[in-house]
Amino acid sequence: MKRFLYIILAVLTVFSAAVPVTAFALDFDPHYLYVECENAPEGTVYADVLVKFKDNDSGYRDFTSPPERLEKKYTDSTGNTRYIFKKLNITENSEIAVLNIDGYSSLTLHSGEVKKFTIYKEDYMCSDEISLECNAEDLYKKYKNFRIAYVDGNGKVLQITNKSHGKNYDLDNPYAVTADGDSTSFRYWGISPFELAIPVCILVLVAGVPAFIVIKNTFSYFINKE
């Protein structure tokens, strides 16, 4: 019995070390969705997120507002950091604005749930930011699959990725649509239900098996006594 309990304790210790503890995880604001990319085609200024709007989508707009790009960052006389942004030369007639490929269109140019899309990097080593009226979790539930369009400074679409499938849980980084060449992923802050289930199952095993053994031995004792 003691050997068995030692084995269970060892297994529980291993799984506790392997599975992250949410109490120590970072907490990210779900009202910000980041766009992160690698291996973009030459000439890319930013990456736009594409979603498949439904015919009755109440959030759809004909055209919202072009993304803003960081032009200059400086420190003023009081020591505060100041930022100067400029909107890209994108209109409702630009290629990215009229794009509809297999039902996928620009989220940032056609969704009323997007407040602002800010482009921070000029060299496209980017972690651009979409400010949402809703939150990233609701956005994922609504659209499920996402694509990325690599776009130049005038709204010309240079390349479109394949659609994402499912979500990748991550405790250390914020919500994001990420792209690498042709591939797309949706990064979802948190821990997966499967990873949460592991320690729960171990705890049930630790508590349940000894209890079962005690009950079984007690029952056997009274049977033998009779």
Side-chain angles (χ1 to χ4, degrees), residues 18-20 25-53 66-70 85 88 90 94-111 113-132 134-195:
V19 178
L26 298 173
D27 188 10
F28 295 100
D29 189 343
H31 292 91
Y32 291 93
L33 178 68
Y34 292 87
V35 185
E36 300 176 1
C37 309
E38 295 180 4
N39 299 314
E42 185 177 353
T44 298
V45 169
Y46 78 101
D48 204 350
V49 177
L50 308 181
V51 298
K52 184 176 284 189
F53 289 99
E68 296 183 353
R69 183 178 181 179
L70 178 63
F85 296 94
L88 293 185
I90 294 175
S94 299
E95 185 178 352
I96 182 60
V98 300
L99 177 73
N100 187 315
I101 178 168
D102 299 328
Y104 284 85
S105 300
S106 167
L107 173 74
T108 62
L109 296 178
H110 294 295
S111 175
E113 293 175 316
V114 172
K115 290 197 296 186
K116 187 168 64 173
F117 182 24
T118 305
I119 301 165
Y120 284 102
K121 300 290 187 182
E122 293 186 0
D123 58 3
Y124 202 66
M125 296 297 293
C126 69
S127 181
D128 300 332
E129 178 186 281
I130 299 174
S131 176
L132 299 171
C134 63
N135 68 58
E137 295 179 7
D138 289 339
L139 201 71
Y140 174 80
K141 291 176 184 176
K142 185 175 184 179
Y143 296 114
K144 300 295 185 184
N145 304 116
F146 300 82
R147 301 175 78 170
I148 287 288
Y150 300 105
V151 188
D152 73 7
N154 295 311
K156 181 180 178 181
V157 178
L158 305 176
Q159 183 180 330
I160 296 174
T161 67
N162 299 318
K163 67 179 181 180
S164 64
H165 294 279
K167 52 192 174 184
N168 298 325
Y169 288 92
D170 191 323
L171 276 173
D172 300 319
N173 293 287
Y175 300 90
V177 179
T178 66
D180 186 351
D182 288 329
S183 65
T184 315
S185 301
F186 189 95
R187 188 172 68 215
Y188 197 95
W189 178 79
I191 185 169
S192 73
F194 175 75
E195 289 177 311

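The analysis underlying the following values was restricted to heavy atoms, covering all of them including side chains, and did not include hydrogens, waters or symmetry mates. Not measured: the values here are computed from a predicted model.
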Closest non-hydrogen atom pair, L158 against P41: CB-CG, 4.1 Å
Would you say that L132 contacts V114 through its side chain, given a criterion of any heavy-atom pair below 4.5 Å between the two side chains? yes
How many angstroms lie between OH in Y46 and CD1 in I96, if you round to the nearest 0.5 Å? 5.0 Å
Which of W189, Y188, Y140 passes ring-ring contact (aromatic ring centres under 6.0 Å, His included) with Y169? It is Y188
Show the nearest heavy-atom pair for residues A97 and H110, with the distance to one decimal. O-NE2, 2.6 Å
What pairs with K52 under side-chain contact (heavy atoms from CB on, under 4.5 Å), at least two apart in sequence or on another chain? Y104
Spatial distance of atom CD (E137) from atom CG (L33) [nearest 0.5 Å]: 11.5 Å
Distance, nearest 0.5 Å, that separates NZ of K141 from CG of N135: 7.5 Å
Separation between OG1 of T44 and CG of D152, rounded to the nearest 0.5 Å: 8.0 Å
Interatomic distance, CD@E113 vs SG@C134, rounded to 0.5 Å, equals 4.0 Å
What are the two closest heavy atoms between P67 and L109, and how far apart are they? CD-CD2, 4.3 Å
Between V157 and A149, which heavy-atom pair has the shortest distance, and what is it? CG1-CB, 4.3 Å
Student check: side-chain heavy atoms of I119 and L88 closer than 4.5 Å: yes
Under 4.0 Å between a side-chain nitrogen and a carboxylate oxygen: does that hold for D102 and R147? yes
Is the closest side-chain heavy-atom distance between F53 and S111 below 4.5 Å? yes
Heavy-atom check, side chain of Y143 versus side chain of L50, under 4.5 Å: no
Between the main-chain N or O of Y120 and the side-chain N or O of D128, is there a donor-acceptor pair closer than 3.5 Å? yes
Between S105 and L99, is there a donor-acceptor pair closer than 3.5 Å when you use the side chain of the first and the backbone of the second? yes
On a heavy-atom basis, the closest approach of C37 and A47 is SG-CB, 3.4 Å
Can you check whether K144 reaches F186 side chain to side chain, under 4.5 Å on heavy atoms? no
Donor-acceptor pair, H31 side chain versus S131 backbone, under 3.5 Å? no
Qualifying residues under ring-ring contact (aromatic ring centres under 6.0 Å, His included), relative to Y32, sequence neighbours excluded: none
F117 versus V35: any side-chain heavy-atom pair under 4.5 Å? yes
Which heavy atom of N173 sits nearest a heavy atom of F28, and at what distance? C-CE1, 3.4 Å
Spatial distance of atom OH (Y175) from atom CG (D29) [nearest 0.5 Å]: 9.0 Å
Would a distance-only check, ignoring hydrogens and angles, find a side-chain to backbone donor-acceptor pair under 3.5 Å from N154 to K156? no
Kindly list each side-chain donor-acceptor pair under 3.5 angstrom involving residues 177-184, sequence neighbours excluded, with atom names and distances?
from, atom 1, to, atom 2, distance (Å)
D180, OD1, N39, ND2, 2.5
D182, OD1, Q159, NE2, 2.6
S183, OG, D180, O, 3.0
T184, OG1, T161, OG1, 2.4
T184, OG1, N162, O, 2.7

